2 protein chains.
Amino acid sequence: MYDGIVQDLIDELGRLPGVGPKSAQRIAFHLIESDSDVAMSLANVIQEAKAKVRFCEVCGNVSEAEKCGICSDPKREQASLCVVEDSKDINAIERTHEFRGLYHVLGGAISPIAGIGPDQLRIKDLMKRLADPEIKEVIIATNPNLEGEATATYLARLLGSMEITVSKLASGLPVGGDLEYADDMTLGRAFEGRRRVN
Amino acid sequence: MYDGIVQDLIDELGRLPGVGPKSAQRIAFHLIESDSDVAMSLANVIQEAKAKVRFCEVCGNVSEAEKCGICSDPKREQASLCVVEDSKDINAIERTHEFRGLYHVLGGAISPIAGIGPDQLRIKDLMKRLADPEIKEVIIATNPNLEGEATATYLARLLGSMEITVSKLASGLPVGGDLEYADDMTLGRAFEGRRRVN
């Protein structure tokens with residue numbers, strides 16, 4: 001235990017996700033021992049981000065404007081909507097350059113244990129957007145875990161009656177992975193989703 | 001890549017020690033998505049720490065006053081001085097409750113590769129403190145790695161001619177460790193430093 005403000009700084013850093021007590025101490029001393037502008041620019045950017053960053057009123061992505069860069073880009077395909085749990089997922093999908101449509105951020109996944117049901121997610125906003133007849137396709141890109149799958153199943157049922165193509169990202173062996181070390185669920189999915197190659 | 005301030009925040013967080021790009025993104029979104037006071041109290045404590053924390057003018061430990069809590073505590077044994085590389089090491093030693101004397105922070109270790117020689121460390125200050133005849137014992141507690149050992153050897157030679165007991169922390173098998181998995185150097189040291197038990 002340190003005294004006063006040093007311990008306060010360690011405690012505050014230790015509350016960040018993925019930062020344990022040892023890392024918090026290391027970061028705190030890095031900030032204390034480095035030049036004043038290193039710590040100050042971090043403090044400033046946190047305050048600035050908190051003041052400026054809001055959520056796109058269309059898709060829910062992080063944005064500095066009312067509409068995020070993707071929603072306000074006329075070159076994006078307006079007919080496809082990719083539904084993700086989180087803003088971070090948009091970034092991951094954008095890196096693949098496989099998708100040129102629009103996004104919708106749910107803000108999480110259905111998880112009865114965490115008390116998150118469909119009403120806590122941005123599903124109503126999604127339904128409002130889908131009222132636009134221009135949207136022809138919905139790609140469900142929730143995480144391939146229990147909560148993500150539950151959310152995908154819920155959405156698939158909800159959208160089933162609409163005149164929209166609904167698809168879900170493929171599950172299977174990760175590229176560069178080793179069949180021998182794949183877990184049973186993944187290997188099972190890879191079999192289930194096998195594709196003809198001839 | 002994100003736009004504007006979000007990416008700035010991720011970049012700034014990614015400069016912290018032990019925080020990679022993925023962690024930086026995770027922390028940034030945690031700060032953006034959580035209540036405003038979470039991010040603000042972090043920003044404030046960084047600014048406050050940077051404004052208030054300085055280094056004890058006697059030992060070099062982090063402190064909010066001119067003299068740190070240990071140096072200004074009259075109950076500490078004034079005859080023993082433990083030399084450490086870093087303020088964090090003081091905390092680690094204090095947790096053992098094995099030492100009741102004073103400390104001296106070198107501010108690093110001798111490392112020709114990093115361009116750190118004896119003049120870059122607080123060795124002159126140490127010599128000044130040792131001019132006080134009250135100090136009878138110096139315990140060198142540098143890290144048991146190449147740089148720390150070099151520093152310990154340098155200090156041992158420097159202090160060799162003085163009328164002071166100089167010792168170094170023991171190297172050997174870590175408690176709770178497994179002999180089978182100990183590295184050769186550590187096991188070698190454990191043999192070299194073996195102690196009679198009968």
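The structure presented is a predicted model; accordingly, all values stated were derived computationally and were not measured.
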Query raised in the report: Using non-hydrogen atoms only, which part of B:D11 is less than 4.5 Å away from chain A: side chain, backbone, both, or neither?
Result: neither
Query raised in the report: Measuring from B:D8:CG to A:L42:CG, what's the distance to the nearest 0.5 Å?
Result: 12.0 Å
Requested in this report: Examine distances only and state if a side-chain atom of A:K50 and a backbone atom of B:M40 form a donor-acceptor pair shorter than 3.5 Å.
Outcome: no
Query - Side chain / backbone / both / neither for B:D37 at chain A, heavy atoms under 4.5 Å - result: neither
**Report entry** B:R95, part contacting chain A, at a heavy-atom distance under 4.5 Å
**Finding:** side chain
**Report entry** Part of B:V19 lying under 4.5 Å from any heavy atom of chain A
**Finding:** side chain
Report summary line: From the list B:G18, B:P17, B:S87, the residue making the most non-hydrogen contacts under 4.5 Å with chain A is B:P17
Query raised in the report: Checking B:S23 against chain A: side chain, backbone, both or neither under 4.5 Å from a heavy atom?
Result: neither
Report task. Counting only heavy atoms closer than 4.5 Å, note whether B:E64 contacts chain A via side chain, backbone, both or neither. Result -> side chain
Query raised in the report: Side chain, backbone, both or neither: which part of B:E33 has an atom under 4.5 Å from a heavy atom of chain A?
Result: both
Report task. Mind checking the CG-CG spacing from A:L16 to B:L16? Nearest 0.5 Å is all I need. Result -> 9.0 Å
Report summary line: Counting heavy-atom pairs under 4.5 Å with chain B, the top scorer among A:G107, A:G69, A:S41 is A:S41
Report task. Would you confirm whether A:K88, through its side chain, and B:R26, through its main-chain N or O, come within 3.5 Å as a donor-acceptor pair? Result -> no
Query raised in the report: Under 4.5 Å between any side-chain heavy atoms of B:V53 and A:L9, yes or no?
Result: no
Query raised in the report: With chain A, which of B:V6, B:L13, B:D86, B:I27 has the greatest number of heavy-atom pairs at distances under 4.5 Å?
Result: B:I27
**Report entry** Rounded distance (nearest 0.5 Å) linking atom OG of B:S63 with atom CD1 of A:I5
**Finding:** 13.0 Å
**Report entry** ILVMFWY cluster, A:I93 and A:I135 together (side-chain gap under 4.5 Å)
**Finding:** yes
Query raised in the report: Do B:V62 and B:L121 belong together in a cluster built from hydrophobic side chains that touch within less than 4.5 Å?
Result: no
Report task. Say whether, by atom type as modelled, one donor and one acceptor occur between the side chain of B:Q47 and the main chain of A:A43 under 3.5 angstrom. Result -> no
Requested in this report: Please answer: with hydrophobic residues joined when any side-chain heavy atoms are less than 4.5 Å apart, are B:V84 and B:I70 in the same cluster?
Outcome: yes
**Report entry** Single-linkage hydrophobic cluster, 4.5 Å side-chain cutoff, A:L106 and B:I32 together
**Finding:** no
**Report entry** Atom pair CD1/CG of B:I10 and A:N91 - distance to nearest 0.5 Å
**Finding:** 7.0 Å
Query raised in the report: According to a 4.5 Å side-chain heavy-atom criterion applied to Ile, Leu, Val, Met, Phe, Trp and Tyr, with indirect links allowed, do B:L146 and B:I140 form part of one hydrophobic cluster?
Result: no
Requested in this report: Assess whether atom CG of B:D184 is packed by more than 12 heavy atoms of other residues, nucleotides or ligands within 6.0 Å.
Outcome: no
